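This one's a predicted model, so the numbers in the text were calculated from it and none came from an experiment.
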Amino acid sequence: MAEIYYLLTWGTFWLMLLCFVFLLTVSVPRRDDLRSYKRVRLLLAWGVFFLMTLVNLTELSMSDSGTNDDIWYTRLMTLWIGACVAPVFSIVNITLINSHFFSWRSLVRDLVIPLVLVVGNVFLFEIFSAKSLAFLFAYVVFIVYYVFVVVAYTVIFLRNYRQYSIRLNNYFSEPGSNLLKWTVTTQFLATSSGIMAFVSLFMPHGWLCVFALFLNILYPYYAIRFINYAFQFPVIAPVVEEVMEEEPVVRDSVFMLEDIVGEWEKEKRYLQPELNIEMVAHELSTNRSYLSSYINTCKNKNFKEWISDLRIAEAQRLLLSEPKTPINEIGERVGFSDKGNFSTRFSKSVGMSPSLWRKIHLK
């Protein structure tokens with residue numbers, strides 16, 4: 001098993017090095033609003049992949065040594081690297097869904113604390129011993145901090161993703177516009193790798209092989225997704241780049257906006273496919289923030305729900321007035337670009353599939 005782990009460590013070393021070079025050399029679109037992305041791109045390359053490359057190189061150099069001191073140094077190094085990689089990876093991931101999140105001050109703080117802890121642990125280990133109360137206390141503190149960082153940044157990510165989802169639903173009318181679902185998956189996979197790294201401190205080489213294999217899948221996958229993000233950015237830029245502050249709806253202006261929105265609905269302009277709130281605001285000669293506040297407050301819905309409900313109501317009318325028209329065609333005519341999305345939204349709104357609803361109401 002030790003030989004397998006040795007080979008996997010070599011494989012991880014070369015994969016991390018390849019990802020590091022890949023991130024630094026692949027060109028991305030030249031856009032001013034990709035500033036935050038380019039910043040965290042360097043952070044990901046140096047703070048995750050280069051660091052992981054050094055870790056694997058160190059493990060390879062110590063693979064022939066199995067003294068008690070080396071075991072303790074490996075544990076401390078694992079905690080230190082994990083406590084550094086967890087916040088760096090999470091900061092990168094959160095910045096992809098909220099470009100205003102990145103902060104040098106927070107990053108420095110999150111890197112200095114584990115550095116102080118590892119230096120303190122090494123100092124106590126050298127002065128005393130692995131069995132001394134002083135070292136064991138410092139070691140437990142390090143473990144508690146490590147667990148806290150992994151859990152805390154997962155919670156912070158989920159909080160930011162929830163806000164991102166709100167902005168997404170208040171901008172796009174189609175769920176297919178969410179191109180960043182993969183960030184949730186990778187965040188939980190990264191959290192799992194943090195837990196596995198912690199457990200590996202107390203497990204034999206068999207567990208380490210599983211952990212190494214897990215990293216060999218996770219990090220290259222993330223590097224590819226991260227690079228693709230730059231090319232998908234134009235679609236999601238309004239949601240990621242701009243953190244909207246909703247404007248309060250002034251009562252005297254409600255009736256004016258209600259009239260023009262009502263007229264817009266009567267003209268059935270919501271049937272346009274791939275509609276977003278920027279397009280509607282432009283058609284209504286108002287601003288996006290004010291329109292969003294009006295829909296949220298007066299309609300008690302987000303933009304996606306509002307457009308979806310209007311389309312479903314029109315679909316119901318067509319299902320009855322044109323009983324021979326295929327359901328997929330009706331879905332397209334009312335603005336749903338994906339037939340699966342039409343069925344899902346219809347079922348969620350009405351409580352049954354379009355075909356069943358038509359069958360019941362045509363009796």
Ring pair (Phe, Tyr, Trp, His ring centres under 6.0 Å) partner of Phe49, chosen from Phe20, Phe226, Tyr219
Tyr219
Within 6.0 angstrom of Glu329 CD, more than 12 heavy atoms from elsewhere
yes
With a 4.5 Å limit on heavy-atom distance, are the side chains of Val144 and Val140 in contact?
yes
Steps toward side chain to side chain contact (heavy atoms under 4.5 Å, CB included) verdict (Trp182, Tyr222):
CA-CA 9 Å; Trp182 59 271; Tyr222 189 83; 3.5 Å; yes
Got more than 12 heavy atoms from elsewhere within 6.0 Å of CG, Leu133?
no
Stepwise side chain to side chain contact (heavy atoms under 4.5 Å, CB included) check, Ser90 with Ile156:
CA-CA 9 Å; Ser90 298; Ile156 293 171; over 6 Å; no
Would you kindly confirm whether Met52 and Leu42 end up in one hydrophobic cluster when ILVMFWY residues are joined by side chain heavy atoms under 4.5 Å apart?
yes
Give a yes or no answer on whether the side chain of Asn341 reaches the backbone of Ser337 with a donor-acceptor pair at less than 3.5 Å.
no
Would a single hydrophobic cluster contain both Leu54 and Leu24, if residues Ile, Leu, Val, Met, Phe, Trp and Tyr are joined by side-chain heavy-atom contacts under 4.5 Å?
yes
Taking Ser292 for the side chain and Ser289 for the main chain, is one N or O donor matched with an acceptor at less than 3.5 Å?
no
May I have the step-by-step check of side-chain hydrogen bond (donor to acceptor under 3.5 Å, both in side chains) for Thr12 and Asn216, ending in yes or no?
CA-CA 6 Å; Thr12 306; Asn216 286 344; 2.7 Å; yes
Check whether any side-chain heavy atom of His282 lies under 4.5 Å from a side-chain heavy atom of Glu278, and answer yes or no.
no
When the ring centroid of Trp80 is compared with that of Tyr146, is the distance short of 6.0 Å?
no
Could you check whether atom NZ of Lys301 has more than 12 heavy atoms from other residues, nucleotides or ligands sitting under 6.0 Å from it?
yes
If the threshold is 4.0 Å, N to carboxylate O, is there a salt bridge linking Glu314 and Arg311?
no
Are Ile217 and Ile227 linked, directly or through intermediate hydrophobic residues, by side-chain heavy-atom contacts shorter than 4.5 Å (ILVMFWY only)?
no
Under 4.5 Å between any side-chain heavy atoms of Ile166 and Gln163, yes or no?
yes
Specify whether Tyr164 and Tyr161 have parallel, tilted or perpendicular ring planes, treating 30° as the upper limit for parallel and 60° as the lower limit for perpendicular.
tilted
Least distance between heavy atoms, Thr183 atom then Thr186 atom
O-OG1, 3.1 Å
Tell me whether Lys348 at atom NZ has more than 12 heavy atoms from other residues, nucleotides or ligands lying less than 6.0 Å away.
no
Does any N or O in the side chain of Tyr37 come within less than 3.5 Å of the main-chain N or O of Tyr229, such that one atom is a donor and the other an acceptor?
no
cation_pi(Arg31, Phe233) dist<6.0 Å, angle<=45:
no
Flag side-chain contact, heavy atom, 4.5 Å: Tyr171 against Pro238:
yes
Closest contact, heavy atoms only, Thr78 versus Ala197
CG2-O, 3.8 Å
Is the shortest heavy-atom distance from the side chain of Phe214 to the side chain of Ser192 under 4.5 Å?
yes
Is there side-chain contact between Ser106 and Arg109, with heavy atoms separated by less than 4.5 Å?
yes
Which atoms form the tightest heavy-atom contact between Tyr153 and Pro87, and what is the distance?
CE1-CB, 3.5 Å
Can you confirm whether or not the ring centre of Phe135 sits under 6.0 Å from the ring centre of Phe125?
yes
From Arg345 CZ over to Asp309 CG, what is the distance, rounded to the nearest 0.5 angstrom?
7.5 Å
Interatomic distance, Leu284 atom CG to Leu257 atom CG [nearest 0.5 angstrom]
7.0 Å
Between CG on residue Leu107 and CD1 on residue Ile91, distance to nearest 0.5 Å:
5.0 Å
Without swapping roles, check the side chain of Tyr270 against the backbone of Gly335 for a donor-acceptor pair under 3.5 Å.
no
Contact summary for Thr325 and Arg358, nearest pair of heavy atoms
O-NH2, 2.8 Å
Start with the C-alpha distance between Val240 and Asn98, add both sets of side-chain angles, then the distance that settles side chain to side chain contact (heavy atoms under 4.5 Å, CB included), and finish with yes or no.
CA-CA 5 Å; Val240 173; Asn98 177 9; over 6 Å; no
Identify the two heavy atoms, one from Phe303 and one from Asn170, that lie closest to each other, and give their separation to 0.1 Å.
N-OD1, 3.2 Å
Verify same cluster id: Val85, Phe148 (apolar side-chain graph, 4.5 Å)
yes
Ignoring hydrogens and angles, tell me if any N or O in the side chain of Ser132 forms a donor-acceptor pair with the backbone of Ser129 under 3.5 Å.
yes
How far apart are the closest heavy atoms of Ala83 and Phe142, and which atoms are they?
CB-CE2, 4.4 Å
Any idea how Phe346 and Trp357 line up, ring-wise: parallel (<30°), tilted (30 to 60°), or perpendicular (>60°)?
perpendicular
Assess whether side chain to side chain contact (heavy atoms under 4.5 Å, CB included) is satisfied between Val350 and Gln316, documenting all intermediate values.
CA-CA 10 Å; Val350 180; Gln316 288 176 304; 3.6 Å; yes
From Glu265 CD over to Glu267 CD, what is the distance, rounded to the nearest 0.5 angstrom?
11.0 Å
With a 4.5 Å heavy-atom cut-off, do Val88 and Leu111 have their side chains touching?
yes
Can you tell me how far the OG atom of Ser355 sits from the CD1 atom of Ile327, to the nearest 0.5 Å?
4.5 Å
Answer yes if the ring centres of Phe342 and Phe336 are under 6.0 angstrom apart, and no otherwise.
yes
Is any side-chain heavy atom of Val210 less than 4.5 Å from a side-chain heavy atom of Met196?
yes
Here the gap from Leu291 atom CG to Ile260 atom CD1, rounded to the nearest 0.5 Å, amounts to 8.0 Å
Donor-acceptor contact present, side-chain Asn160 to main-chain Ile94, <3.5 Å
no
Under 3.5 Å, side chain of His100 to main-chain N/O of Glu241, donor-acceptor pair present?
yes
Does the Asn121 side chain pair with the main chain of Leu117, one donor and one acceptor, at a distance under 3.5 Å?
yes
ILVMFWY network linking Phe50 to Ile224, side-chain heavy atoms under 4.5 angstrom:
no
Taking the six-membered ring for Trp, are the ring centroids of Tyr139 and Trp72 within less than 6.0 Å of each other?
yes
Examine distances only and state if a side-chain atom of Thr154 and a backbone atom of Val150 form a donor-acceptor pair shorter than 3.5 Å.
yes
Between Arg288 and Ala281, is there a donor-acceptor pair closer than 3.5 Å when you use the side chain of the first and the backbone of the second?
no
